Engineer: 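Would you mind keeping the following structure in view while I ask a few things?
Position 1 is the first residue of the sequence, and the numbers go up from there. Note that the coordinates shown come from a computational prediction; the quantities given were computed from them, not determined experimentally.
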Amino acid sequence: MRYKLTLEYDGTNLLGWQRQLDGPSVQEYLEKVLETLSGYHSEVAAAGRTDAGVHALGQVAHIDFDTNMEPWKIREAFNANLRQLEAPVVVLNVEPVSSDFHARFSAQGRGYIYRILNRRAPSILLANRVWWVPVELNIAKMQAGAKHLIGHHDFSSFRAAACQAKSPVKTLDKLDISQNNDEIIFTVEARSFLHHQVRNMVGTLKMVGEGKLKADDIKIILDAKNRAAAGVTAPACGLYLSKVVY
């Protein structure tokens, strides 16, 4: 049987989704648990390979598991074993899917949120959960700049050098910027993203908010198709994979 797992995790002390030789990863923890439950090693595939320090509210993975356990019992078994491993990962839901379902290739869309704490004082409670920016940011100017990024574009200016995507052309469906008290929240949606695309867009729009760039400079940066033209890469700690759409 193939099962779809919906996951939540704290990426602070993880090296990202993908199994690594020099530290813990989400994939490693899940594969350890699956091997414990099944008695054999099997690869766990995910909708997206989040980077070190990036969190997830709704990551999706799939497993092949020969069992007569009900889905909710699989969830409970996974979470019990993850607690024993002291893994910062939890399985929110398990559901059976068809054998041709694939967590990555069946996905029709992905959503991220990025959180900026915009106040003079840092936060103890939100450490490693937000990007602390003590300089006041202008929301309206960032919103105006973000409009240039919506739609079908060559996003080379916001693409990491290590990106393995075949093409830099993507369609950005949503880039909303809102404020909740001291937090500025970016809500971003697309079918797929380039490596560091969201963090590079946020880092550049932050420069608009602090007055180092103008809103219309975003269009110039986009048209340049050159990573050197854009702003800084926002830190991983503020980024959350919020949902995957099938």
Side-chain angles (χ1 to χ4, degrees), residues 11 48 50-51 53-58 109-123 125-161 163 168-243 245:
T50 51
D51 288 333
V54 175
H55 315 294
L57 303 172
R110 295 162 176 83
Y112 286 87
I113 63 171
Y114 195 96
R115 301 169 63 190
I116 290 179
L117 180 66
N118 191 209
R119 70 183 193 192
R120 289 300 303 171
S123 174
L125 298 178
L126 295 178
N128 300 314
R129 302 287 189 281
V130 295
W131 182 12
W132 172 51
V133 177
V135 178
E136 184 177 359
L137 299 178
N138 187 306
I139 302 293
K141 289 182 179 179
M142 290 193 295
Q143 290 170 333
K147 291 179 180 179
H148 294 294
L149 298 172
I150 301 296
H152 191 67
H153 304 290
D154 182 326
F155 283 95
S156 293
S157 293
F158 301 95
R159 180 186 192 180
C163 181
V169 177
K170 297 289 180 182
T171 301
L172 190 64
D173 299 315
K174 182 176 183 178
L175 177 47
D176 289 348
I177 306 173
S178 59
Q179 188 161 15
N180 181 15
N181 297 320
D182 293 327
E183 272 198 41
I184 297 172
I185 302 168
F186 296 72
T187 305
V188 193
E189 297 178 5
R191 182 180 179 90
S192 61
F193 292 89
L194 301 170
H195 191 204
H196 285 178
Q197 182 181 344
V198 175
R199 291 166 59 190
N200 290 337
M201 292 189 302
V202 170
T204 305
L205 289 168
K206 175 254 191 186
M207 295 177 70
V208 174
E210 61 188 352
K212 294 181 178 179
L213 293 172
K214 296 179 181 178
D216 288 344
D217 288 339
I218 299 297
K219 178 67 166 61
I220 297 171
I221 292 169
L222 184 65
D223 290 342
K225 301 175 185 178
N226 183 349
R227 177 68 188 96
V232 299
T233 301
C237 60
L239 184 61
Y240 298 73
L241 175 57
S242 58
K243 66 178 182 179
V245 179

Engineer: Would you say the side chain of R227 lies within less than 4.5 Å of the side chain of S157, judging by non-hydrogen atoms?
Structural biologist: no
Engineer: Would you kindly say whether T204 and R199 are connected by a side-chain donor-acceptor distance under 3.5 Å?
Structural biologist: no
Engineer: Nearest 0.5 Å, please: how far is NE2 in H55 from CD1 in I113?
Structural biologist: 10.0 Å
Engineer: Relative to the ring of F186, is the ring of Y114 parallel (under 30°), tilted (30 to 60°) or perpendicular (over 60°)?
Structural biologist: perpendicular
Engineer: Using every non-hydrogen atom in the two residues, find where V135 and N118 come nearest and quote the distance to one decimal.
Structural biologist: O-ND2, 2.7 Å
Engineer: Between K214 and D216, is there a side-chain N and carboxylate O pair less than 4.0 Å apart?
Structural biologist: no
Engineer: Rounded to the nearest 0.5 Å, how far apart are CD1 of I184 and CD of Q143?
Structural biologist: 9.5 Å
Engineer: ring-ring contact (aromatic ring centres under 6.0 Å, His included) between F193 and Y112: does it pass, once the steps are laid out?
Structural biologist: CA-CA 10 Å; F193 292 89; Y112 286 87; 5.3 Å; yes
Engineer: Apply side-chain contact (heavy atoms from CB on, under 4.5 Å) to residues R110 and S192 and explain how you reach the verdict.
Structural biologist: CA-CA 6 Å; R110 295 162 176 83; S192 61; 4.1 Å; yes
Engineer: In this structure, are over 12 heavy atoms from other groups packed under 6.0 Å from E136 atom CD?
Structural biologist: no
Engineer: Tell me yes or no: between the side chains of T171 and H152, is some donor less than 3.5 Å from an acceptor?
Structural biologist: yes
Engineer: Looking at D154 and K170, is there a salt bridge between them, counting it only when a charged N and a carboxylate O are closer than 4.0 Å?
Structural biologist: no
Engineer: Find the distance between CG (D217) and CG (L222) and round it off to the nearest 0.5 Å.
Structural biologist: 12.5 Å
Engineer: For the CD1 atom of I177 and the CE atom of M142, what is their distance to the nearest 0.5 Å?
Structural biologist: 5.5 Å
Engineer: Does R115 reach the main-chain N or O of I185 with its side chain, forming a donor-acceptor pair under 3.5 Å?
Structural biologist: no
Engineer: If you round to the nearest 0.5 Å, how far is CG of L149 from CD of Q197?
Structural biologist: 8.5 Å
Engineer: Ignoring hydrogens, what is the shortest heavy-atom contact between A229 and A224? Give both atom names and the distance.
Structural biologist: CB-CB, 3.9 Å
Engineer: Decide, yes or no, whether a salt bridge links E189 with K243 under the criterion of side-chain N to carboxylate O below 4.0 Å.
Structural biologist: yes
Engineer: Can a donor-acceptor pair be found between the side chains of D223 and H153 at a distance below 3.5 Å?
Structural biologist: no
Engineer: Hey, are the side chains of L205 and L175 touching, using non-hydrogen atoms and a 4.5 Å cut-off?
Structural biologist: yes
Engineer: Here's a test for you: under side chain to side chain contact (heavy atoms under 4.5 Å, CB included), which of L194, V202, I221 qualifies with F158?
Structural biologist: I221
Engineer: Please step through side-chain contact (heavy atoms from CB on, under 4.5 Å) for the pair L126 and E183, ending with a clear verdict.
Structural biologist: CA-CA 11 Å; L126 295 178; E183 272 198 41; 3.9 Å; yes
Engineer: For N200 and F155, run side-chain contact (heavy atoms from CB on, under 4.5 Å): C-alpha distance rounded to whole Å, both residues' side-chain angles, the deciding distance at 0.1 Å, then the answer.
Structural biologist: CA-CA 10 Å; N200 290 337; F155 283 95; over 6 Å; no
Engineer: Taking the side chain as C-beta and beyond, is there a heavy-atom pair between R119 and V133 under 4.5 Å?
Structural biologist: no
Engineer: Go through it in stages, so that I can follow the logic: the residues are L137 and I116, the test is side-chain contact (heavy atoms from CB on, under 4.5 Å), and I'd like the CA-CA distance, side-chain angles, deciding distance and then a yes or no.
Structural biologist: CA-CA 10 Å; L137 299 178; I116 290 179; 4.2 Å; yes
Engineer: Nearest heavy-atom pair of H148 and I218: which atoms, and what distance?
Structural biologist: CB-CG2, 4.0 Å
Engineer: Which atoms form the tightest heavy-atom contact between K141 and V208, and what is the distance?
Structural biologist: O-CG1, 3.5 Å
Engineer: Do H195 and D51 touch side chain to side chain, with heavy atoms closer than 4.5 Å?
Structural biologist: yes
